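Here's the structure, in structure tokens; my notes come after.
These values consider heavy atoms only, across backbone and side chains, with no hydrogens, waters or symmetry-generated copies. Chain A is the first sequence line, chain B the second, and so forth, proteins listed ahead of strands; every chain is numbered from 1. This structure is a prediction, so every number in the text was calculated from the model and none was measured.
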2 protein chains.
Amino acid sequence: MKQTAPAADDGLKLSTWLPYRLFLVAAQVARPLESFYGETFGLSQAGWRILAVIAERDAANAAEIGRACALDPFATSRGIGQLTELGFAVRRAGKSDRRFAAVSITRSGRTAFNRIAALGSAIEARLLARLSESERATIDSALTRLEGESARIDAGGWRTLLEDAGAS
Amino acid sequence: MKQTAPAADDGLKLSTWLPYRLFLVAAQVARPLESFYGETFGLSQAGWRILAVIAERDAANAAEIGRACALDPFATSRGIGQLTELGFAVRRAGKSDRRFAAVSITRSGRTAFNRIAALGSAIEARLLARLSESERATIDSALTRLEGESARIDAGGWRTLLEDAGAS
DNA sequence: CATAGTACTTGCACTATGCAATTATATGTG
DNA sequence: CACATATAATTGCATAGTGCAAGTACTATG
């Protein structure tokens, strides 16, 4: 009476499945960066992403920030809270409409950002060094399309995915 | 007395930084899959990854599983615990050395795996449809190198990264 | 000027995670 | 053969992160 079933199945192998491979690289590369800004500044992942956004976009409101770094409004609000506590950002009320926050990076926030960004650039350089010039170009253009398609997949939800697959 | 500093900085832009772009695609694509196996089977992310590993490798021990899906021993143990509670896996003691677990997928585990894998394959197909044949080949070979390099980056930690960058 | 709507925040319950300590087993040593 | 040491896996507990309901502050509209 055999209980287990090591038999034939759908051919999905984690190690060759594209989304998992992307995830693996992203996760492995994020870990050292995360422990750096965590240990050094007490910053969370959301905090770092928001810091990076307000470093290039002044007086952003919470919704803009959330969109730019794929965070929901709650996480965004908490991340901004963390940054203001650390003195890396300031919240002011919006100019015309005071419901909108106007979040700006501070001088010490920019200093922190530059230190983290240096590490981030070093990581990216290490990765890019493994690729030829033409590979970089291919990946750059392919990633743009994959970003778009993955956003649509996400927006559609799993029900849509099964319908589409069933209707083949 | 200007407190904020929207001035020049290190040129890191989140939206063009390779690790973030990989993360974005992986995260957006994982969300619908995650809500599918979460709602349908009450499976966590770790649970799904372990299920995928034991679907292709019978009688694996916890360390093997952890390595194969990049989970630490604690998360691995808990994931296996979840799978056994759901009836998707069984733990037995190792044959020669009883310290090693021998985790195997059950029939209902395989059924669940096949349903999730179908959705996973549909997602991958949606992504691949956006790429040409030659792009797929380029990305496949590039990802292999990026996986290796990111593993080294992770293993080295952030101190190593700064040393290397400083010694340029 | 009350009503509804928007942008954001907070509180609270729930979940996940990290790490110390524990269990069970195996192996080397006097 | 006892005993210290090592290894694989698990569990307990404190802490941190998340999701969602409700709340605050403001604006727009009939």
**Prompt:** Picking from C:dA26, C:dT9, D:dT27, which would you name as closest to the side chain of A:D97?
**Reply:** D:dT27

**Fill in**
Rounded to whole Å, the CZ-C1' distance (A:R98 to D:dA28) equals 16 Å

**Message:** In this structure, how many angstroms lie between the P atom of C:dC8 and the CG atom of A:D72, rounded?
**Reply:** 13 Å

**Request:** Check the distance between C:dC8's C1' and A:I65's CD1 and give it to me in whole angstrom.
**Result:** 12 Å

**Message:** What is the distance, to the nearest angstrom, from the CZ atom on A:R91 to the C1' atom on D:dT24?
**Reply:** 13 Å

**Prompt:** Which whole-number value in Å describes the distance from A:L71 CG to D:dT18 C1'?
**Reply:** 12 Å

**Asked** Separation of B:F100 atom CZ from C:dA24 atom P, in whole Å?
**Response** 18 Å

**Rounded distance in Å - CZ (A:R31) to C1' (C:dT17)** = 13 Å

**Message:** Keeping B:R145 on the side-chain end and A:R130 on the backbone end, is there a donor-acceptor pair under 3.5 Å?
**Reply:** yes

**Message:** Of the listed nucleotides (D:dG17, C:dT9, C:dC8), which one gets closest to any side-chain atom of A:N61?
**Reply:** C:dC8

**Request:** Classify the side chain of A:R99 and the base of C:dT6 as holding, or not holding, a donor-acceptor pair under 3.5 Å.
**Result:** yes

**Message:** Under a 4.0 Å threshold between the charged nitrogen and the carboxylate oxygen, would A:R31 count as salt-bridged to A:E34?
**Reply:** no

**Parallel, tilted or perpendicular, as decided by the 30° and 60° cut-offs, for the rings of A:W48 and A:F113** = parallel

**Message:** Nearest to the B:R78 side chain among D:dG19, C:dC19, C:dA7, which nucleotide is it?
**Reply:** C:dC19

**Request:** Let me know which of A:L143, A:V29, A:L146 forms a side-chain contact (heavy atoms from CB on, under 4.5 Å) with B:L22.
**Result:** A:L143

**Asked** Crowded around B:R98 CZ? As in, over 12 foreign heavy atoms under 6.0 Å?
**Response** no

**Request:** Starting from P on C:dC8, measure out to CD1 on A:I50 and report it in whole angstrom.
**Result:** 12 Å

**Message:** Regarding A:F74, tell me which of base, sugar-phosphate or nothing describes its non-hydrogen contacts under 4.0 Å with the strands shown.
**Reply:** base

**Item:** Residue mapping more 5' on DNA chain D - nearest nucleotide basis, B:A101 or A:Q82
**Value:** B:A101

